[in-house]
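Here's the structure we're looking at; comments come further down.
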Amino acid sequence: MQQIFNFIIKNSNRLLFLLLLGISFSLAVQSHSYHKSKVINSANAISGGVYERMNAIDEYFNLRVQNQDLAKENARLKTLLFNNPDTLVPPSLGGLNAKFQTNVIVTKVIHNSYNVHENFLTLNNGEKDGIKPDMGVINDLGIVGIIENTSPNYATVISILNTQSKINAKIKKSEHFGSLIWDGKNTGFVQLIDVPRLAAIRKGDTIVTGGQSIIFPENINIGTIDKIYIDNKTNYYTLNIRLFNDMTNLGHVYVIKRKDSEEITTLEAKSKHE
């Protein structure tokens, strides 16, 4: 306390000057509207800049919550999309499309391998959230893989960048089918094999899911044709497909839960054993 008093006494002239300067400045501002408006505008500019930076910091820390909310909303919209029949389909076929009821579960990739031949992903949701083996996994750009194993809180996914993966796919414009595989060479490309030679195809054509399985709905994006080869052994086309997805950078994904998949699987199993 004594040091404070000593400081005040030592600098009394300066402090008095500053006090008088402050009083005179205040009186000048109060008595002149022009000066007053300038001071207010300056104060508003400073406080506005501070608030703007504080808001930017707050928004940054809220991005995670916002991303989760957006992912949940996308999942809801995808559920509506998969369950609504295409308005362009004739009424006689619309009822068939409407039967395929699907739920979409939003989750997040917490581990992703892409530098070996048999790549897997790990999701931070599992059996408690309704995720089961053989469910399809997609994101906003296209297919990601198929659920292989689950625990109460987690699930592993066979990536499309897995040499053991085999998914039904088709050329969107011609409806010709093939099997989607990966040759283990490039993370940006997969291959569509066993495409018949009579298919009219060209570079740039879009490849989508074929719908001949209970895992993926029809017409989910995969990629575009980059190169076309003829397999001399089978005399079928082999197409090199440039993926829409960047499989090395995955965040939120969606697990497709088809409600009638167990019924179809059980029925097909009975037919195989008869």
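This chain uses plain numbering: 1 for the first residue, then up along the sequence.
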Checklist entry - With side chains defined as the heavy atoms from C-beta onward, is the minimum distance between M247 and T187 less than 4.5 Å? => result no
Checklist entry - Salt bridge check: are K172 and D205 linked by an N-O gap of less than 4.0 Å? => result no
Item to check | Heavy-atom closest contact (S179 atom, D194 atom, distance) | outcome: OG-OD2, 4.5 Å
Item to check | Heavy-atom side-chain proximity of I105 to I256 below 4.5 angstrom | outcome: no
Checklist outcome for this item: Taking every heavy atom of Y254 against every heavy atom of N139, the minimum-distance pair comes out as CD1-CA, 3.9 Å
Next on the checklist: What verdict does the side-chain contact (heavy atoms from CB on, under 4.5 Å) test give for Y154 and N125, after you've listed the backbone C-alpha separation in whole Å, the side-chain angles of each residue and the deciding distance to 0.1 Å?
Outcome noted: CA-CA 5 Å; Y154 303 97; N125 293 85; over 6 Å; no
Checklist entry - Got a sec: does the CZ of F177 have more than 12 other heavy atoms crowding it under 6.0 Å? => result yes
Item to check | Closest heavy-atom pair and its distance - A200, S174 | outcome: O-CB, 4.3 Å
Next on the checklist: What I'd like to find out is whether the side chain of I171 reaches to under 4.5 Å of the side chain of L239, using heavy atoms alone.
Outcome noted: yes
Checklist outcome for this item: When every non-hydrogen atom of N249 is compared with those of N112, the smallest separation belongs to N-ND2, 4.4 Å
Checklist entry - Can R197 be said to sit on top of Y236's aromatic six-ring, NZ or CZ under 6.0 Å from centre and within 45° of the ring axis? => result no
Checklist entry - Counting only heavy atoms not in F120, do more than 12 sit closer than 6.0 Å to its CZ atom? => result yes
Next on the checklist: Given N240, which partner from the list Q191, K185, K203 fulfils the side-chain hydrogen bond (donor to acceptor under 3.5 Å, both in side chains) test?
Outcome noted: Q191
Next on the checklist: Looking at every heavy atom in both I201 and Y237, which two are closest together, and how far apart are they?
Outcome noted: CD1-CD1, 3.5 Å
Checklist entry - Within a strict 4.5 Å, meaning less than it, do heavy atoms of the N245 and I160 side chains meet? => result no
Next on the checklist: Are T209 and K170 packed together at the side-chain level, in the sense that at least one heavy-atom pair is separated by less than 4.5 angstrom?
Outcome noted: no
Checklist entry - Any side-chain heavy atom of V104 within less than 4.5 Å of one from V255? => result no
Item to check | Test item: I220 and V208 side chains (from C-beta on) under 4.5 Å apart, heavy atoms | outcome: no
